[in-house]
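All chains are named by letter (A, B, ...) in the order of the sequence lines, taking the proteins before the strands, and each is independently numbered beginning at 1.
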Amino acid sequence: MNREGRNSAELIFNIAWIIFGGMIIGMSLELGFGTLKNPGTGLVPMTAGFVIFVSAALLLFFRVKKKASRMFFTRHEITIYFLMLLVFSGWIATMPVLGYILGTFFSTYCFSKVMRLSGWLKPFLLSLGTTLFCYLLFDVWLYMDLPRGILG
Amino acid sequence: MEQLYNGFVASLSFTNFFACFIGVLIGTIIGVLPGLGPTATLTLMLPFTLKYAPETGLIMMAGCWFGAQYGGSTTSILVNIPGESASVVTCIDGYQMAKKGRAGAALAVVAAGSFIAGTMGIVGLQFFAPLLGNWALSMGPPEYLGFLVLAFLILTALSGDSPVKGFLMLGIGLWMSMVGLSAMDSVPRFTFGSRNLMMGIDFLPLAVGLFGVTEVLVTAAEKYVPPVLEKIRFRDLYPNREEIRRSVAPALRGSVLGFFVGLLPGPCAVISTFLSYAVEKKISKTPEKFGTGMIEGVVAPESANNSAVMGAMIPLLTLGIPFSPSAAVMMAALEMHNVDVGPLLFQNYSQIFWTFIAAMYIGNFMLLVLNLPLVGFFARIATIRPFLLMPFISIICLLGVYSVRNSFFDVWVMIAAGAVGVFFRKYGHPVAPLIIGLVLGPMVENNIRKTLMMFRGDFLLIFDRPLALVFFGLALVLVLFKLGYPYVFRSPGMLPKGDGDSME
């Protein structure tokens with residue numbers, strides 16, 4: 001990502017918070033500000049929205065003034081984040097069917113592959129160890145009732 | 001004394017003793033590992049403590065918090081990688097000592113200094129907490145509100161590189177705490193018709209996401225550079241007479257300084273280390289030697305960060321106001337156990353408090369015994385590669401959050417928080433104000449609305465409440481100081497050269 005791209009990403013990030021703050025203020029007004037003698041439900045959320053709106057606007061102002069940014073995402077980072085979040089989401093999607101034991105095993109395997117653990121034996125052993133640990137911790141020690149899926 | 005004795009009896013029960021051991025062990029391991037900090041670990045541990053009595057859970061978590069401060073020094077000295085942010089300063093002289101073959105002595109002196117600091121911190125907590133608790137009983141909503149405003153201002157000023165970013169995060173945290181049914185009038189707010197949001201945004205998934213998942217994502221994308229481990233033998237653990245003589249005073253100074261800095265809002269443990277290092281350098285007869293392996297520069301910061309943890313417990317236990325993310329997690333844990341922290345803690349839950357104090361004495365001793373002989377083992381843990389550790393942490397995040405309420409919604413919240421947390425990390429937005437805002441949001445709302453109702457719209461009534469006036473006055477002074485600082489100190493050389501971030 002070039003410098004302009006980085007700057008744009010941060011600008012968008014700040015603009016999103018300005019819009020978000022504005023939305024909170026609007027919704028809080030609908031809830032009711034009340035009076036100073038008898039404050040309504042919307043008073044404190046509106047204050048929070050105002051803090052978000054003003055802070056984000058100030059940050060945007062400083063960012064525009066500075067016209068440069070030190071922080072950015074590389075393509076490699078974006079790919080890794082995306083794959084990691086995909087595995088996290090996959091765990092939720094498959095958990096009711098596979099259950100937590102198989103879900104843990106497959107997710108650990110996928111996590112370790114995304115994190116560039118080479119070969120198949122090391123990820124396999126890591127997944128096996130993690131699954132065993134989770135079984136002992138959640139099932140044997142803490143007696144937690146987690147879904148078992150196809151393992152019954 | 002009788003209460004403390006009873007506390008010792010309770011904390012020496014098998015369950016509490018074991019919980020303390022597990023807490024300090026996990027804490028030390030986490031402290032040793034670069035990346036995962038004490039807050040992330042405390043949030044990950046939280047679901048597992050719910051199966052036990054409140055004091056057992058509190059002991060385990062406090063042991064972990066304490067252990068993390070302790071363990072961070074090991075990698076700072078041996079590998080030149082701080083296990084957590086409060087050990088950054090230790091790297092400066094600690095690693096230089098290691099390069100000179102004095103790693104063992106540095107570790108031993110740090111262990112002893114941390115033990116002294118921890119013990120002094122516990123004595124301070126034991127002495128000041130009940131006194132402050134009784135005093136806090138006289139505080140009403142205006143006083144609490146004034147104190148919260150002052151605390152928020154200090155917090156945002158000290159967190160991160162820009163107070164504006166701190167305010168943004170605080171606003172987000174406060175707003176998040178408002179989602180769901182209003183506590184005062186049961187009106188649904190920002191629920192968007194979702195039944196899951198009616199109960200509000202739960203603290204645990206958010207905290208695990210912001211600290212745990214974010215760390216996993218960031219570490220996954222980082223390039224791994226294997227650390228070089230300095231060798232250490234058991235016989236090297238004996239510091240010589242000169243090193244012991246030079247360490248006593250810095251350890252005591254660091255302990256006292258750390259304890260009082262711990263009372264401040266914000267990253268108190270980190271600040272205490274920088275301050276104590278600066279103090280030691282200032283009063284040293286050979287300040288130019290700092291950075292070349294001065295034992296004072298190792299023992300003072302490590303003592304300071306240990307006693308700062310104890311100092312940070314005081315506002316948490318006496319006022320119910322956490323000043324750091326770790327304290328916020330502790331408060332959330334107590335609330336999940338239906339224990340109300342605040343002035344009434346000492347009346348309603350005195351057994352829990354004194355058991356906790358006694359367990360801290362035991363835990364502190366346990367850390368000393370555990371750390372010295374096992375220093376080689378802990379140092380090796382630092383070399384564990386992230387791709388072996390992070391998949392495991394990810395699974396613990398997922399199962400830990402899911403298991404509390406068997407809710408996939410909570411897991412989605414955690415993942416979303418983790419993804420947003422990456423942006424916060426990249427753009428330098430401090431997460432501490434968000435977490436503290438989330439925890440303290442209900443208290444802020446309660447006190448704002450009660451104060452306004454008490455004053456009936458007449459703000460001049462603040463002059464009838466001297467303590468509240470002092471808090472608001474201090475807050476105003478802080479704001480004026482912050483705004484006026486760049487203009488007052490504008491003369492050349494008085495302001496550090498930067499790119500303007502600090503001015504935002």
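Looking at Tyr52(B), only its side chain comes within 4.5 Å of chain A, counting heavy atoms on both sides. Residue Phe133(A) touches chain B through its side chain alone, counting heavy-atom pairs closer than 4.5 Å. Interface remark: Ser182(B) contributes side-chain atoms only to the contact with chain A (heavy atom separation under 4.5 Å). Leu83(A) does not touch chain B: none of its heavy atoms, backbone or side chain, sits under 4.5 Å away. The part of Ile80(A) that comes within reach of chain B is its side chain, from C-beta onward, which places non-hydrogen atoms under 4.5 angstrom from that chain. Contacts of Leu31(A) with chain B are made by side-chain atoms alone, with heavy-atom separations under 4.5 Å and no backbone atom involved. Contact of Ile24(A) with chain B is made through backbone and side chain together, with heavy-atom distances under 4.5 Å. In this structure, chain B has heavy atoms under 4.5 Å from both the backbone and the side chain of Ile52(A). Interface remark: Met184(B) contributes no atoms to any contact with chain A (heavy atom separation under 4.5 Å). Of the two parts of Phe13(A), only the side chain, counted from C-beta on, holds a non-hydrogen atom closer than 4.5 Å to a non-hydrogen atom of chain B.
Rounding to the nearest 0.5 Å gives a distance of 5.0 Å between CG of Leu85(A) and CG of Leu217(B). Note that the CZ atom of Phe423(B) and the CD1 atom of Ile12(A) stand 9.5 Å from one another [nearest 0.5 Å]. Interatomic distance, Leu168(B) CG to Asn14(A) CG, rounded to the nearest 0.5 Å: 7.5 Å. Atom CZ of Phe192(B) sits about 3.5 Å away from atom CE of Met27(A), to the nearest 0.5 Å. Atom OG of Ser112(A) and atom CZ of Phe392(B) lie 13.5 Å apart (nearest 0.5 Å). Distance check, rounded to the nearest 0.5 Å: CZ of Phe387(B) to CZ of Arg116(A) gives 8.5 Å.
Listed by first and then second residue, the side chain to side chain donor-acceptor pair (under 3.5 Å) pairs that reach into residues 126-136 of chain A come to none, sequence neighbours excluded.
In this structure, Leu399(B) and Trp91(A) have side chains that are in contact, with non-hydrogen atoms separated by less than 4.5 Å. Between Trp175(B) and Ser28(A), every side-chain heavy-atom pair lies at or beyond the 4.5 Å cut-off.
A 6.0 Å sphere centred on NZ of Lys450(B) holds no more than 12 heavy atoms belonging to other residues, nucleotides or ligands.
Among the candidates Arg385(B), Met454(B), Arg449(B), Glu445(B), the residue making the largest number of heavy-atom pairs closer than 4.5 Å to chain A is Arg449(B). Counting heavy-atom pairs closer than 4.5 Å to chain A, the top-ranked of the candidates Val218(B), Ile448(B), Asn406(B), Ile172(B) is Ile172(B). The candidate with the highest count of non-hydrogen atom pairs below 4.5 Å against chain A, out of Pro391(B), Gly418(B), Gly437(B), is Pro391(B). Top candidate by heavy-atom pairs under 4.5 Å with chain A, chosen from Leu452(B), Val187(B), Leu174(B), Leu170(B), is Leu452(B). Between chain A and the options Asp185(B), Val213(B), Leu398(B), Leu388(B), the largest number of non-hydrogen pairs under 4.5 Å is found for Leu398(B). Of the listed residues (Gly21(A), Gly42(A), Ser89(A), Pro123(A)), the one with the most heavy-atom contacts under 4.5 Å to chain B is Ser89(A).
Summarising the geometry of Met115(A) relative to Ala220(B), their closest heavy-atom pair is CE-CA, 3.5 Å, with the distance given to 0.1 Å. For Lys426(B) against Glu77(A), the heavy-atom pair with the smallest separation is NZ-OE2, 2.8 Å. Across all their heavy atoms, Met84(A) and Val216(B) have their closest contact at CE-CG1, 3.4 Å. The shortest non-hydrogen separation linking Pro39(A) to Met453(B) is CD-CG, 3.8 Å.
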Which donor-acceptor pairs under 3.5 Å do side chains of residues 407-415 of chain B form with protein atoms, sequence neighbours excluded?
residue   : atom : partner   : partner atom : Å
Ser407(B) : OG   : Phe409(B) : N            : 3.2
Ser407(B) : OG   : Asp410(B) : N            : 3.1
Asp410(B) : OD1  : Arg405(B) : NH2          : 2.8
Asp410(B) : OD2  : Arg405(B) : NE           : 2.9
Asp410(B) : OD2  : Arg405(B) : NH2          : 3.3

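Contacts of Phe88(A) classified as ring pair (Phe, Tyr, Trp, His ring centres under 6.0 Å), with partners at least two apart in sequence or in another chain: Phe111(A).
Between the side chain of Arg189(B) and the backbone N or O of Thr41(A) there is at least one donor-acceptor pair closer than 3.5 Å.
Note on ring orientation: taking the six-membered ring where Trp is involved, the planes of Trp17(A) and Phe424(B) are parallel (angle under 30°, cut-offs 30° and 60°).
Taking 4.5 Å as the heavy-atom cut-off, the residues of residues 44-51 of chain A that approach chain B are Val44(A), Pro45(A), Ala48(A), Val51(A), ordered by number.
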